[in-house]
Each structure stands twice: as structure tokens, then as C-alpha cells.
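Whatever order the structure lists ligands and atoms in, that order sets their numbers, starting from 1. Start at 1 with the first residue, then count along the sequence. Keep in mind that this is a model prediction, so the values were computed, not measured.
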Amino acid sequence: MVPDWKAIFRGTPQSETNFATVELDSDRLPKHIAIIMDGNGRWARAKGLPRAAGHHAGMVAMRETIRAADDFGIQALTLYAFSTENWKRPRTEIQYLWYLLDEFFQADINELVERNVRISFLGDISKLPSYSQKTIGSALRKTANNDGLIVQFALNYGSRAELVDVIRMIAQDVKDGKVDLTEIEEALISSCLCKNGVPDPDLLIRTSGDQRVSNFLLWQIAYAELYFVDEMWPDFSRELFFEAITAYTKRERRFGGLK
Ligand code: IPE
Ligand code: IPE
Ligand code: MG
């Protein structure tokens with residue numbers, strides 16, 4: 001039987017699940033969760049499989065994570081799928097990742113539309129193969145009017161590249177006399193970052209045991225809670241996701257202030 005996740009998050013006891021005793025305060029749920037989906041290659045190597053098999057299994061884990069985020073009542077999910085540094089990988093691996101992106105949207109777009117999910121993207125997608133750009137355009141169009149969970153895919157995304165773009169844009173405005181130096185404030189910089197109507201992440205999860213941020217949302221995660229999972233991304237599950245969110249609800253966020 002599929003557990004009633006929304007009820008669990010409201011704190012209703014669920015006798016059929018392992019989470020029966022878990023009581024979560026829905027007011028304390030993170031609004032925006034960002035995930036560094038790492039460890040596909042190591043997962044495959046441990047099983048004697050090619051890296052591609054790890055990426056495929058990672059795509060399946062991603063599908064389940066999106067469903068779970070929706071069931072849990074999370075407002076926004078940002079998934080780091082390809083960094084500006086990932087171009088250093090073999091061409092065949094990169095091509096397979098774009099192929100997988102397509103496969104994912106072919107298979108899942110109808111379910112995403114039904115779930116009222118709005119898709120958006122971060123990063124410079126103009127460097128992606130044209131068929132991927134078409135798929136992205138189609139996913140954007142099909143979900144544009146949805147107002148449920150927002151899922152942002154970070155593709156050819158690098159936080160430093162994003163900040164360089166913002167600095168260029170603001171410098172141009174200063175040069176053109178549209179912005180005064182005194183107007184360059186945190187709020188202005190924030191407003192120039194690609195937001196898609198999403199607040200800064202409350203919780204950043206990274207799988208695979210590595211504890212670094214790898215050029216992901218550097219500005220935006222200034223006060224995010226960090227949560228590291230030892231499992232490789234293909235082994236990430238609803239249960240692990242639930243654990244991460246539960247841990248988050250118990251953290252005390254002070255934002256530099258006092259308790
Ligand atoms: C994450 O898994 C997926 C991408 C970066 C595209 P990796 O491919 O980085 O897997 P590991 O880190 O080599 O195990
Ligand atoms: C971060 O993983 C990027 C993605 C998950 C897309 P990497 O595997 O590229 O990060 P490093 O190289 O271990 O820092
Ligand atoms: Mg990696």
C-alpha cells in the first residue's frame with residue numbers, strides 16, 4: 001500500500017509505514033530543497049557496471065525524488081544535473097546524459113503535468129544539443145500554467161558563471177547610467193539571479209558522502225542547512241529523503257541572531 005505522505009507530514013499516525021511514529025510539524029518543512037545528485041559513477045563501479053548504468057539508475061532515483069517532494073508538500077526542488085565543469089567528462093558520457101534527459105521528459109512529462117508540477121531550468125542551456133533544447137522548451141510550455149511543486153533542473157549550471165553574468169549585467173547598467181553605485185545592494189544582486197519565483201534553498205542535500213558544494217548556488221545557499229548522505233544518488237530513496245527533511249525540521253536556524 002502506498003503511504004499517505006501528506007497525512008504523515010501532517011503528523012497523522014500511519015500504521016502501514018515505518019514512519020508511523022514520526023510526527024512532523026508541517027510549518028517547519030523546508031520550502032525549497034536543493035539536491036546535488038552525486039555518486040552515479042561510483043554506484044555503477046561498485047556493481048561492475050558501466051557509468052552509464054549509474055546515470056540511468058540516477059534518473060530513476062530522480063523521478064522518485066520528484067514524486068516524493070510533491071507528496072511531501074515541498075514547494076520547490078532544485079536538482080543539480082550537470083555542472084559547467086562536467087564538460088570535462090568523456091563526450092560519450094555527456095551525450096548519454098542528454099539522451100537520458102530526453103528519456104526522462106518523454107516518460108514523465110504527462111505525470112508531471114497531472115501532478116501540477118511547474119518545470120524550470122537554471123544554467124546556460126544554449127550549449128546543449130538542439131534536441132535537448134527542444135525538449136526543455138516543450139516541458140516549459142506544457143507546465144507553464146501549473147502552480148504546484150516547482151522543479152528546477154540545473155543544466156550546464158555553475159554558480160560562478162551565474163554571478164559573472166550578474167556582475168556584467170549590473171556593470172552595463174552602471175555604465176549606461178541606469179543604476180547608481182549606491183544602488184548595488186544584496187537585494188539587487190539577488191533579484192538579478194535566475195529565480196523562477198523560488199526563494200533561496202532552506203535545505204541542501206548532497207549524496208555520495210562527498211561534503212562539498214561543487215559550484216552550486218553559492219550565493220543562494222548562504223543560510224541553507226547542509227545535509228550530507230553517504231548513499232550514492234541511485235540509492236537515494238523516499239526514506240532517506242524523509243530522514244533528511246526530518247533532520248531539517250529539528251535544526252535551529254538563527255541567521256546570525258540569537259535563539
Ligand atoms: C552525478 O554522479 C551525476 C553527474 C555529475 C552528472 P557522478 O557521475 O558525478 O558520479 P561519481 O561522482 O563519479 O560517482
Ligand atoms: C556535482 O557533482 C555536479 C552534479 C551532481 C551535477 P560532480 O561529481 O561534478 O562534483 P565533483 O567533481 O565531485 O566536485
Ligand atoms: Mg560526482
Student: With heavy-atom distances below 4.0 Å as the criterion, list the atoms of ligand 2 near Phe82.
Tutor: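 Per the distance check, 6 (C).
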Student: Below 6.0 angstrom between ring centroids: does that apply to Phe82 and Trp98?
Tutor: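 Phe82 vs Trp98: aromatic centres under 6.0 Å.
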Student: Is a side-chain donor-acceptor pair under 3.5 Å present for Glu103 with His56?
Tutor: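 His56 vs Glu103: donor-acceptor pair found between side chains.
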Student: For atom 11 (P) of ligand 1, tell me which residue out of Met232, Arg42, Arg45 has the closest non-hydrogen atom.
Tutor: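 Comparing heavy atoms across Met232, Arg42, Arg45, the nearest one to atom 11 (P) of ligand 1 lies in Arg42.
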Student: May I ask which of Arg206, Glu85, Arg212 has a heavy atom nearer to atom 10 (O) of ligand 2 than the others do?
Tutor: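 Residue with the shortest heavy-atom distance to the ligand atom: Arg206.
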Student: Should you measure from each heavy atom of His55, which atoms of ligand 1 turn up under 4.0 Å away?
Tutor: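 The atoms of ligand 1 under 4.0 Å from a heavy atom of His55 are 3 (C), 8 (O).
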Student: In this structure, does ligand 1 have an atom that sits under 4.0 Å from one of the heavy atoms of Gly39?
Tutor: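 Contact check Gly39 vs ligand 1: positive.
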Student: Under 3.5 Å, N or O to N or O, is Gly41 touching ligand 1 that way?
Tutor: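 Between Gly41 and ligand 1 (N or O atoms, distance only) the closest approach is under 3.5 Å.
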Student: Checking Ser83 against Asn86: is there a side-chain donor and acceptor pair closer than 3.5 Å?
Tutor: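 Asn86 vs Ser83: donor-acceptor pair found between side chains.
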Student: By number and element, which atoms of ligand 2 are closer than 4.0 Å to a non-hydrogen atom of Ile36?
Tutor: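 The atoms of ligand 2 under 4.0 Å from a heavy atom of Ile36 are 1 (C), 5 (C).
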Student: With only distance considered, is Ser214 within less than 3.5 Å of ligand 2 through an N or O on each side?
Tutor: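 Between Ser214 and ligand 2, an N or O pair is found under 3.5 Å apart.
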Student: Can you tell which of Trp233, Tyr227, Phe236 makes a ring pair (Phe, Tyr, Trp, His ring centres under 6.0 Å) with Phe241?
Tutor: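 Exactly one pass, corresponding to Phe236.
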Student: Tell me which part of Arg89 gets within contact of ligand 1: side chain, backbone, both or neither, using heavy atoms under 4.0 Å.
Tutor: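 Under 4.0 Å from ligand 1, Arg89 contributes side-chain atoms alone.
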Student: With a 4.0 Å cut-off, strictly under, does atom 13 (O) of ligand 2 pick up any protein heavy atom?
Tutor: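 Yes, at least one protein heavy atom sits under 4.0 Å from atom 13 (O) of ligand 2.
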Student: Between Gln172 and Asp176, is there a side-chain donor-acceptor contact under 3.5 Å, judged purely by atom types and distance?
Tutor: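 Yes, Gln172 and Asp176 have a side-chain donor paired with an acceptor closer than 3.5 Å.
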Student: If I consider every N, O or S atom in Asp38, which one ends up closest to the Mg ion (ligand 3)? I only need its name.
Tutor: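 The atom in question is OD1.
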Student: Between Asp202 and Lys31, is the closest basic N to carboxylate O distance under 4.0 Å?
Tutor: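 Result for this pair is no, no salt bridge flagged.
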Student: Would you mind listing which atoms of ligand 2 come within a distance below 4.0 Å of any non-hydrogen atom of Met37?
Tutor: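 Those qualifying, in numeric order: 5 (C).
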Student: Charged N to carboxylate O under 4.0 angstrom, Glu111 versus Arg67?
Tutor: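 Yes, this pair counts.
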Student: Just checking, any donor-acceptor pair under 3.5 angstrom between side chains of Tyr96 and Arg89?
Tutor: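 Result is no, nothing qualifies.
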Student: Which residue and atom name correspond to the protein heavy atom nearest atom 9 (O) of ligand 2, and how close is it?
Tutor: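 So the nearest neighbour among protein heavy atoms is Asn86 ND2, 2.9 Å.
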Student: Heavy atoms only, cut-off 4.0 Å: how does Ala81 contact ligand 1, side chain, backbone, both, or neither?
Tutor: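 Just the backbone.
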Student: Looking only at side chains, do Gln95 and Tyr99 share a donor and an acceptor under 3.5 Å apart?
Tutor: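 Judged by distance alone, the side chains do not pair up.
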Student: Side chain to side chain contact (heavy atoms under 4.5 Å, CB included) between Ser120 and Ile150: does it pass, once the steps are laid out?
Tutor: CA-CA 7 Å; Ser120 62; Ile150 299 173; 4.0 Å; yes
Student: Please state whether Lys88 comes within less than 4.0 angstrom of ligand 2, counting heavy atoms only.
Tutor: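 No.
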Student: Among protein heavy atoms, which sits nearest to atom 2 (O) of ligand 1, and what does the distance come to when rounded to 0.1 Å?
Tutor: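 Residue, atom and distance for the closest contact: Asn40 N, 3.2 Å.
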